[in-house]
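Only one structure is covered here, and it is reproduced in the block below.
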Amino acid sequence: MKLAGVELRRIAMPLVAPFRTSFATLTDREVLLLRVETEHHEGYGECVTMADPLYSSEYTAAAVDVLRSHLIPALTALPSLDPWAVAPALAAFKGHRMAKAALETAVLDAWLRAHDLSLGQWLGATAERVPAGVSVGIMDSVPALLDAVEGYLSEGYLRIKLKIEPGWDVAPVRAVRERFGDDLLLQVDANTAYTLADAPQLARLDPYDLLLIEQPLDEEDIRGHAALAARVRTPICLDESIVSARSAADAIALGACSVVNIKPGRVGGYLEARRIHDVCAAHGVPVWCGGMLETGLGRAANVALAALPGFTLPGDTSASGRYYRTDITDPFVLADGHLDVPRGPGLGLTPVPERLAAVTTSTEWISS
């Protein structure tokens with residue numbers, strides 16, 4: 001397979017409601033899509049960068065630049081290409097895992113279509129559908145939060161994740177537990193908003209029987225997470241800290257986490273995501289699939305990944321309607337709290353042309 005060129009397409013999609021975390025409030029989603037062309041097939045990848053470097057050091061304008069200037073030329077120079085060749089060809093360029101992941105995914109999609117294989121089949125998926133959780137942003141009030149949670153539960157979501165930050169942690173968790181009971185699968189996500197000095201406050205969450213506390217401390221503070229894990233009963237889950245199978249193995253060995261959130265964009269792609277899954281499975285550490293407000297393209301790939309056997313907790317693989325009134329693909333629809341794993345070749349779906357055109361803000365073609 002030879003890479004003929006890559007289309008970089010920027011789109012802008014309004015969210016159905018503002019989504020607030022400890023680091024930002026989003027009202028719309030700027031997305032970078034990649035479409036690769038080979039001799040006979042095309043493939044899509046979605047870059048999960050945000051407009052600003054707030055969740056991570058990566059951001060969309062930088063992803064466009066590194067793809068245009070370095071990553072795409074490195075692949076177009078290869079005499080032949082397959083999914084396993086992408087990471088070695090890009091290894092000389094430090095960082096930029098989200099940009100690399102998008103490019104690798106597009107190549108993988110094209111290659112799988114050429115071999116008439118679905119992503120789930122190729123990854124080793126063992127489930128035909130996956131349980132869906134939902135991430136609930138920070139609200140202006142507890143009553144507003146309770147109304148939102150009630151709405152998601154009525155839609156059938158099987159797990160609720162609450163975004164938290166200092167000043168918005170114990171009270172919302174207590175209120176949700178009191179309103180919806182102890183059987184609700186409930187977890188929280190801090191997005192690095194706390195320090196180890198906040199351990200006593202985080203320990204106040206222990207009585208509420210949470211599945212986990214996600215990324216409470218800074219992404220580089222692995223020792224701090226290990227110390228925190230010894231001081232709270234609630235399991236610690238790492239997100240931003242896990243950027244590779246090696247970092248996952250180190251965090252597990254140091255006792256910094258007992259659960260891992262795998263986001264393929266954050267770790268450089270689905271091949272590395274599968275390696276992290278395998279490392280965690282070998283150590284008996286459960287994993288779940290995180291989300292970055294993906295369109296149907298990224299959601300399709302995440303749902304396929306979440307069908308691997310080590311994904312034993314519901315992920316942030318919400319239905320399309322959680323974030324977008326109109327997706328660029330046929331939407332993912334919740335059924336009995338689950339989403340179906342796509343079965344078609346590659347990602348299993350492609351953008352609907354008129355929907356894609358309606359949200360496109362710019363395109364650029366890069367060839368050899």
Side-chain angles (χ1 to χ4, degrees), residues 15 17-26 48 50 54-56 131-139 142 145 148-149 152-153 157-177 180 184-196 198-199 201-206 208-222 224-225 228-229 232-243 248 251 256-267 285-294 302 306 311 313-318 322-323:
L15 299 177
F19 186 68
R20 179 182 165 195
T21 68
S22 62
F23 60 84
T25 298
L26 298 178
V48 297
M50 294 184 174
L54 299 174
Y55 168 79
S56 80
V134 66
S135 181
V136 185
I138 296 168
M139 300 283 184
V142 168
L145 173 69
V149 171
Y152 293 129
L153 293 176
Y157 284 103
L158 301 178
R159 184 229 67 197
I160 298 292
K161 181 173 86 172
L162 305 181
K163 294 288 188 177
I164 63 170
E165 64 181 2
W168 180 266
D169 42 38
V170 176
V173 168
R174 180 193 302 116
V176 169
R177 268 287 178 246
F180 301 105
L184 172 65
L185 298 180
L186 182 63
Q187 63 194 55
V188 295
D189 181 9
N191 289 116
T192 75
Y194 295 82
T195 70
L196 188 56
D198 295 310
Q201 178 66 12
L202 292 171
R204 294 180 61 202
L205 295 171
D206 285 342
Y208 300 103
D209 194 26
L210 301 176
L211 290 173
L212 54 90
I213 302 174
E214 184 181 353
Q215 197 69 44
L217 312 182
D218 184 79
E219 63 186 76
E220 297 185 4
D221 195 3
I222 300 301
H225 279 104
L228 179 64
V232 301
R233 295 199 311 272
T234 306
I236 300 298
C237 171
L238 291 182
D239 172 0
E240 288 93 329
S241 296
I242 305 300
V243 296
C257 64
S258 53
V259 185
V260 168
N261 169 353
I262 301 179
K263 288 179 179 170
R266 190 192 66 233
V267 306
V285 172
V287 300
W288 56 282
C289 185
M292 293 289 289
L293 285 69
E294 289 91 348
N302 285 350
F311 286 82
L313 297 174
D316 288 340
T317 47
S318 305
R322 161 65 181 93
Y323 297 111

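Owing to the predicted nature of the structure, the values given are computational and were not obtained by experimental measurement.
In summary, the side chains of Asp218 and Thr192 do not present any donor paired with an acceptor at a separation below 3.5 Å, with no hydrogens or angles considered. A donor and an acceptor atom, one from each side chain of Asp221 and Tyr194, are nowhere located under 3.5 Å apart. Side-chain contact annotation: Ser56 with Glu240, donor-acceptor N/O pair under 3.5 Å absent.
By the 30° and 60° cut-offs, the orientation of the rings of Tyr152 relative to Tyr157 is perpendicular.
Evaluated for a side-chain contact (heavy atoms from CB on, under 4.5 Å) with Leu186, the options Leu211, Leu212, Asp209, Leu162 yield exactly one hit, Leu162. Considering Asp316, Asp239, Asn302 in turn, Asp239 is the only one that fulfils the side-chain hydrogen bond (donor to acceptor under 3.5 Å, both in side chains) rule with Lys263.
Considering all non-hydrogen atoms of both residues, Asn261 and Arg266 come closest at O-NH2, 2.7 Å. Minimum interatomic distance between Ser22 and Ile138 (heavy atoms only, all atoms of both residues): N-CD1, 3.9 Å. Closest approach of Lys163 to Asn191, counting heavy atoms only: NZ-OD1, 2.9 Å. In terms of heavy-atom proximity, Ala199 sits nearest to Leu228 at CB-CD1, 3.7 Å. Taking each heavy atom of Ala132 and Thr317 in turn, the nearest pair found is CB-O, 3.5 Å. The nearest pair of heavy atoms linking Ser135 to Lys161 is OG-CE, 3.3 Å.
Taking CD1 of Ile213 as the start and OG1 of Thr234 as the end, the distance is 4.5 Å to the nearest 0.5 Å. Rounding to the nearest 0.5 Å gives a distance of 11.5 Å between CZ of Arg159 and CG of Leu153. In this structure, CD in Glu214 is found 10.5 Å from OG in Ser241, a value given to the nearest 0.5 Å. A distance of 5.5 Å separates CZ in Phe311 from SG in Cys289, rounded to the nearest 0.5 Å. Separating the CG atom in Leu313 from the CG atom in Leu185 is a distance of 8.5 Å, to the nearest 0.5 Å.
In this structure the side chain of Trp288 reaches within 4.5 angstrom of the side chain of Cys237, judged on heavy atoms. Using a 4.5 Å heavy-atom cutoff, the side chains of Phe19 and Leu293 are in contact. Here the side chains of Ile160 and Phe180 are not in contact, with every heavy-atom distance at 4.5 Å or above.
In this structure, Arg20 forms no cation-pi arrangement with Trp168, as its terminal cationic atom is not both closer than 6.0 Å to the ring centre and no more than 45° off the ring axis.
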Verdict with reasoning, Val232 to Leu205, per side chain to side chain contact (heavy atoms under 4.5 Å, CB included): CA-CA 9 Å; Val232 301; Leu205 295 171; over 6 Å; no

task: Before giving the answer on side chain to side chain contact (heavy atoms under 4.5 Å, CB included), spell out for Asp189 and Thr21 the whole-Å C-alpha distance, their side-chain angles and the decisive distance to 0.1 Å.
output: CA-CA 9 Å; Asp189 181 9; Thr21 68; over 6 Å; no

Run the side chain to side chain contact (heavy atoms under 4.5 Å, CB included) check on Gln187 and Val259 step by step: do they pass? CA-CA 12 Å; Gln187 63 194 55; Val259 185; over 6 Å; no

Show, in sequence, the C-alpha distance, side-chain angles and deciding distance for Ile236 and Leu217, and conclude whether the side chain to side chain contact (heavy atoms under 4.5 Å, CB included) test is met.
CA-CA 10 Å; Ile236 300 298; Leu217 312 182; over 6 Å; no

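Listed by chain and residue number, nothing satisfies the side-chain hydrogen bond (donor to acceptor under 3.5 Å, both in side chains) test with Arg177 (two or more places apart in sequence, or in another chain).
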